[in-house]
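Here's the structure we're looking at; comments come further down.
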2 protein chains.
Amino acid sequence: MADKPLKLGKVQLRIMQVLWDEGEVTARRVTEVLSEVEPIAHSTVQTLMRTLEEKGAVGHEVRDRTFVFRAIRPREEVTETATRDLLSRVFGGSVYGLVSHLLTHEEVSSEEIGRLRELIEREGREAKQ
Amino acid sequence: MADKPLKLGKVQLRIMQVLWDEGEVTARRVTEVLSEVEPIAHSTVQTLMRTLEEKGAVGHEVRDRTFVFRAIRPREEVTETATRDLLSRVFGGSVYGLVSHLLTHEEVSSEEIGRLRELIEREGREAKQ
DNA sequence: ATTCGTCGTTTAGTATAGTAAACTTAGTTC
DNA sequence: GAACTAAGTTTACTATACTAAACGACGAAT
């Protein structure tokens with residue numbers, strides 16, 4: 001049952017990254033991790049995590065009187081939604097359009113180019129079947 | 001002088017697409033084009049175009065008592081901003097991460113795969129220099 | 001037992017996008 | 001010249017993200 005696409009804000013996404021990386025975490029732990037990059041108030045994190053729970057992105061159970069959160073929606077789903085969104089909004093849905101933009105306008109190391117070549121070769125072979 | 005990144009909403013971006021496609025247009029014309037896809041009130045378009053002008057994305061001149069708008073910021077710049085945003089928010093800045101996601105999770109025709117292969121080969125050659 | 005710290009909850013303020021009605025102004029039409 | 005129309009402006013409301021202080025509950029420390 002395709003849930004409606006889950007669109008997340010910048011900080012909401014950072015919170016999800018922590019959950020995906022660490023599995024089960026308290027809000028306090030999330031605050032710590034996010035604060036390594038940029039200071040953020042613990043209450044801010046708590047509020048955002050409640051909104052994430054409201055929209056079904058995360059769940060929690062109480063353990064030792066503290067909420068332990070976990071991601072419900074998988075990383076891939078959110079990645080998918082965000083990517084599709086850019087694709088349709090900016091590139092008219094064209095994967096080619098996006099990739100060619102990346103190759104011509106973004107910094108890509110020649111090492112990365114090499115890995116991409118491998119990837120595309122592999123993909124080409126599979127598509128043949 | 002690198003202007004701060006211009007982040008646009010969904011409808012704002014659609015408006016910009018019309019300006020980029022058509023060069024000089026009236027708000028009325030934009031309303032018509034957008035309404036082909038989905039109905040939108042003319043006053044909504046006018047309001048959004050004013051906000052776009054406020055943030056320096058578009059400009060206008062008065063012609064025959066009517067505003068004729070044109071894009072100030074080029075398509076590439078906005079495309080760039082939106083792409084970088086996804087890249088950093090979702091893929092940790094990794095172009096490889098995004099491209100591999102595209103190839104494994106998005107529908108890509110084998111014709112497109114072919115064109116992508118050419119593109120990447122060309123890119124590989126240039127990177128060598 | 002009173003203070004302290006940590007938790008989660010409530011409340012609240014800012015910012016922005018989107019939406020569109022209401023209003024003002026000024027030509028056009030009869 | 002009164003009505004109509006089309007353009008732009010003002011105003012306003014909703015929704016969401018982000019931010020964080022303030023608040024209440026409760027176990028721990030002294």
Side-chain angles (χ1 to χ4, degrees), chain A residues 4-18 24-35 37-70 73 78 81-82 85-86 88-90, chain B residues 4-18 24-35 37-70 73 78 81-82 85-86 88-90:
Chain A
K4 79 170 67 67
L6 181 64
K7 253 196 91 179
L8 303 179
K10 186 171 91 262
V11 183
Q12 289 177 335
L13 224 159
R14 284 202 216 119
I15 291 174
M16 294 302 291
Q17 305 280 8
V18 178
E24 298 195 316
V25 288
T26 61
R28 178 60 60 187
R29 173 70 186 140
V30 173
T31 302
E32 283 166 8
V33 174
L34 295 193
S35 294
V37 178
E38 191 173 14
I40 187 169
H42 182 52
S43 59
T44 302
V45 174
Q46 286 177 314
T47 302
L48 285 176
M49 293 187 82
R50 250 186 331 96
T51 69
L52 285 172
E53 184 149 26
E54 268 164 30
K55 58 170 91 172
V58 311
H60 79 268
E61 62 187 87
V62 178
R63 214 131 78 197
D64 202 22
R65 286 176 304 283
T66 296
F67 284 18
V68 178
F69 292 89
R70 72 192 183 291
R73 304 300 193 87
V78 174
T81 301
D85 190 58
L86 179 75
S88 74
R89 283 166 66 154
V90 179
Chain B
K4 79 169 67 68
L6 181 63
K7 253 196 89 178
L8 302 179
K10 187 170 90 263
V11 182
Q12 289 178 335
L13 224 158
R14 283 203 217 118
I15 291 175
M16 293 303 290
Q17 305 281 8
V18 177
E24 298 194 317
V25 289
T26 61
R28 178 60 62 188
R29 172 71 186 140
V30 173
T31 302
E32 283 165 8
V33 174
L34 295 193
S35 294
V37 177
E38 190 174 13
I40 187 168
H42 182 52
S43 57
T44 302
V45 174
Q46 286 178 313
T47 302
L48 285 176
M49 292 186 82
R50 248 187 332 96
T51 70
L52 284 172
E53 183 150 26
E54 268 164 31
K55 56 171 91 171
V58 311
H60 79 267
E61 61 188 89
V62 179
R63 214 132 76 199
D64 202 24
R65 284 175 307 283
T66 296
F67 284 18
V68 177
F69 292 88
R70 73 193 183 291
R73 305 298 194 89
V78 174
T81 301
D85 190 59
L86 179 75
S88 74
R89 282 166 66 154
V90 179

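Every chain is numbered from 1 and lettered A, B, ... according to where its sequence line falls, protein lines coming before strand lines.
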Would you check, one step at a time, whether the test side-chain contact (heavy atoms from CB on, under 4.5 Å) holds for A:Arg28 with A:Glu32?
CA-CA 6 Å; A:Arg28 178 60 60 187; A:Glu32 283 166 8; 3.9 Å; yes
Short N/O separations, protein against nucleotides 23-27 of chain D, under 3.5 angstrom:
none

Measuring from [X]:[atom1] to [Y]:[atom2], what's the distance to the nearest 0.5 Å?
{"X": "A:His42", "Y": "A:Leu34", "atom1": "NE2", "atom2": "CG", "answer": "11.5 Å"}
{"X": "B:Thr44", "Y": "B:Gln46", "atom1": "OG1", "atom2": "CD", "answer": "9.0 Å"}
{"X": "A:Leu48", "Y": "A:Thr31", "atom1": "CG", "atom2": "OG1", "answer": "10.0 Å"}
{"X": "B:Thr81", "Y": "B:Leu86", "atom1": "OG1", "atom2": "CG", "answer": "13.0 Å"}
{"X": "A:Lys55", "Y": "A:Lys4", "atom1": "NZ", "atom2": "NZ", "answer": "10.5 Å"}

Evaluate side-chain contact (heavy atoms from CB on, under 4.5 Å) for B:Val62 paired with B:Phe67, printing each intermediate quantity in order.
CA-CA 5 Å; B:Val62 179; B:Phe67 284 18; 3.7 Å; yes
Roughly how many Å is it from [atom1] in [X] to [atom2] in [N], rounded to a whole number?
{"X": "B:Met49", "N": "C:dT19", "atom1": "CE", "atom2": "P", "answer": "15 Å"}
{"X": "B:Gln46", "N": "D:dT11", "atom1": "CD", "atom2": "P", "answer": "16 Å"}
{"X": "A:His42", "N": "C:dC7", "atom1": "NE2", "atom2": "C1'", "answer": "7 Å"}
{"X": "B:Phe67", "N": "C:dT25", "atom1": "CZ", "atom2": "P", "answer": "15 Å"}
{"X": "A:Arg29", "N": "C:dC7", "atom1": "CZ", "atom2": "C1'", "answer": "18 Å"}
{"X": "B:Asp64", "N": "D:dG8", "atom1": "CG", "atom2": "C1'", "answer": "15 Å"}
{"X": "B:Leu52", "N": "D:dT9", "atom1": "CG", "atom2": "P", "answer": "14 Å"}
{"X": "B:His60", "N": "D:dG8", "atom1": "NE2", "atom2": "C1'", "answer": "10 Å"}

Do the rings of A:His60 and A:Phe69 sit parallel, tilted or perpendicular, given the 30° and 60° boundaries?
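Correct class here is tilted.
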Taking only N/O atoms, report every protein-nucleotides 15-20 of chain D pair under 3.5 Å with atom names and distance.
unit_1	atom_1	unit_2	atom_2	d
D:dA17	OP1	A:Lys55	NZ	2.7
D:dC18	OP1	A:Lys10	N	2.5
D:dC18	OP1	A:Val11	N	2.9
D:dC18	OP2	A:Gln12	N	3.4
D:dA20	OP2	A:Ala41	N	3.3
D:dA20	OP2	A:Thr44	OG1	3.4
D:dA20	N6	A:Thr47	OG1	2.9

Hey, does the side chain of B:Arg28 come within less than 4.0 Å of D:dA7's phosphate (OP1/OP2), counting only N and O?
yes
Using atom types as modelled, flag every donor-acceptor pair under 3.5 Å from a side chain in residues 8-18 of chain B to any protein atom, sequence neighbours excluded.
unit_1	atom_1	unit_2	atom_2	d
B:Gln12	OE1	B:Gly9	N	2.8
B:Gln12	NE2	B:Thr51	OG1	3.4
B:Gln17	OE1	B:Arg75	NH2	3.1
B:Gln17	NE2	A:Arg89	O	3.3

